[in-house]
Amino acid sequence: MLLKSFKEIVDPVDRAVVFATYAHKNVVRKGSSLPYILHPLEAGVITASLTEEREIIAAAILHDVVEDTCFSLNDICYLFGSRVSDLVDSNTEEKRSGVPKRETWRIRKEETINYLLTEASYEEKIIIFSDK
């Protein structure tokens, strides 16, 4: 029922802003008291400076939802469709459950760089660079 209420928002960018804000509620940036949602919104703004494609902008705003919240790629696909879900998936790092993030940071970054150099589409590169 909750997810269905987000579908009522027609524009994908507006829907992404509202959904990501909900998904990241009460979370702050590491080492700060700033709301976490500022980071995904910033990625969306950077992406919007590079493309007017609303699905790509929405994916940039949603890029951390699967990594950092209880929502899944299936939820993203339900709310935004497969293109947005695929773009979010391409920017979702494998966190290696049970291993502290600090121990996997380097390998996760190396995997991202390798993906950028070998496989990433132009749209995926926009989102990844906007995130970083």
Side-chain angles (χ1 to χ4, degrees):
M1 186 66 162
L2 171 68
L3 290 179
K4 188 175 180 181
S5 66
F6 290 107
K7 282 193 97 157
E8 295 174 7
I9 302 170
V10 175
D11 180 78
V13 173
D14 291 343
R15 187 177 327 132
V17 168
V18 172
F19 181 68
T21 300
Y22 177 81
H24 295 291
K25 72 177 183 232
N26 301 322
V27 179
V28 296
R29 294 280 297 179
K30 185 174 20 177
S32 161
S33 62
L34 293 173
Y36 187 82
I37 190 59
L38 294 176
H39 167 66
L41 293 176
E42 180 180 48
V45 169
I46 293 168
T47 298
S49 74
L50 300 170
T51 183
E52 292 184 8
E53 288 191 54
R54 301 191 77 70
E55 288 182 325
I56 299 171
I57 299 165
I61 295 166
L62 298 166
H63 78 273
D64 277 340
V65 167
V66 174
E67 276 185 37
D68 297 335
T69 77
C70 64
F71 294 100
S72 69
L73 277 174
N74 287 336
D75 297 328
I76 300 295
C77 190
Y78 171 76
L79 289 173
F80 298 92
S82 61
R83 182 176 186 214
V84 172
S85 176
D86 289 346
L87 289 168
V88 170
D89 187 31
S90 72
N91 194 51
T92 300
E93 293 181 340
E94 171 55 51
K95 294 284 188 165
R96 288 151 178 90
S97 181
V99 181
K101 286 182 185 180
R102 61 179 155 50
E103 291 182 21
T104 64
W105 183 89
R106 183 178 182 92
I107 193 160
R108 288 184 287 115
K109 302 315 166 195
E110 288 172 353
E111 288 170 348
T112 298
I113 291 167
N114 185 53
Y115 182 74
L116 282 166
L117 294 174
T118 62
E119 298 178 51
S121 69
Y122 178 72
E123 292 83 5
E124 292 167 338
K125 288 175 183 177
I126 289 173
I127 295 168
I128 293 168
F129 287 134
S130 296
D131 171 29
K132 304 306 180 211

Peer 1: I'd like to know if Ile9 and Leu3 are part of one continuous hydrophobic network [Ile/Leu/Val/Met/Phe/Trp/Tyr, side-chain heavy atoms within less than 4.5 Å].
Peer 2: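 The answer is yes; both residues are in one hydrophobic cluster.
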Peer 1: Listed by chain and number, what are the side-chain contact (heavy atoms from CB on, under 4.5 Å) partners of Glu67, not counting sequence neighbours?
Peer 2: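 Applying side-chain contact (heavy atoms from CB on, under 4.5 Å) to Glu67 gives Asp64, Thr92, Glu93, Lys95.
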Peer 1: Could you measure the distance from the CD1 atom of Ile126 to the CD atom of Glu53? Nearest 0.5 Å is fine.
Peer 2: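 Output value for this atom pair is 7.5 Å.
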Peer 1: Got a sec, which residues hit salt bridge (charged side-chain N to carboxylate O under 4.0 Å, His left out) with Glu111, two or more places apart in sequence or on another chain?
Peer 2: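 For Glu111, the residues satisfying salt bridge (charged side-chain N to carboxylate O under 4.0 Å, His left out) (neighbours in sequence not counted) are Arg96.
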Peer 1: Name all residues meeting the salt bridge (charged side-chain N to carboxylate O under 4.0 Å, His left out) criterion together with Glu110; count only those two or more places apart in sequence or in a different chain, and write none if there are none.
Peer 2: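 Listed in chain order: Arg106.
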Peer 1: Nearest 0.5 Å, please: how far is CZ in Arg15 from NZ in Lys7?
Peer 2: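 Here the interatomic distance stands at 7.0 Å.
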Peer 1: Check whether Leu117 and Ile128 end up in the same hydrophobic cluster, where Ile, Leu, Val, Met, Phe, Trp and Tyr are linked by side-chain heavy atoms less than 4.5 Å apart.
Peer 2: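 Shared cluster, no.
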Peer 1: Going by the ring pair (Phe, Tyr, Trp, His ring centres under 6.0 Å) test, which pairs reach into residues 97-117, not counting sequence neighbours?
Peer 2: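 Sorted result for residues 97-117: empty, none.
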Peer 1: So which heavy atom on Pro12 is nearest to which on Ala58, and how close?
Peer 2: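 Residues Pro12 and Ala58, closest heavy atoms: O-CB, 3.6 Å.
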Peer 1: Under 3.5 Å, sequence neighbours excluded: what are the donor-acceptor pairs made by side chains of residues 16-29?
Peer 2:
residue, atom, partner, partner atom, Å
Thr21, OG1, Val17, O, 2.6
Arg29, NH1, His39, ND1, 3.4

Peer 1: State which residues pass side-chain contact (heavy atoms from CB on, under 4.5 Å) with Ser85; sequence neighbours excluded, sorted by chain then number.
Peer 2: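 Checked Ser85 against side-chain contact (heavy atoms from CB on, under 4.5 Å); matches are Leu73, Ile76, Cys77.
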Peer 1: Look at the side-chain heavy atoms of Ile, Leu, Val, Met, Phe, Trp and Tyr, link any pair under 4.5 Å apart, and say whether Val88 and Phe6 land in one connected group.
Peer 2: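 Same cluster: Val88 reaches Phe6 through Ile, Leu, Val, Met, Phe, Trp or Tyr contacts under 4.5 Å.
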Peer 1: So, does Asp75 use its side chain to make a donor-acceptor pair with the main chain of Ser72 at under 3.5 Å?
Peer 2: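 Checked: pair present.
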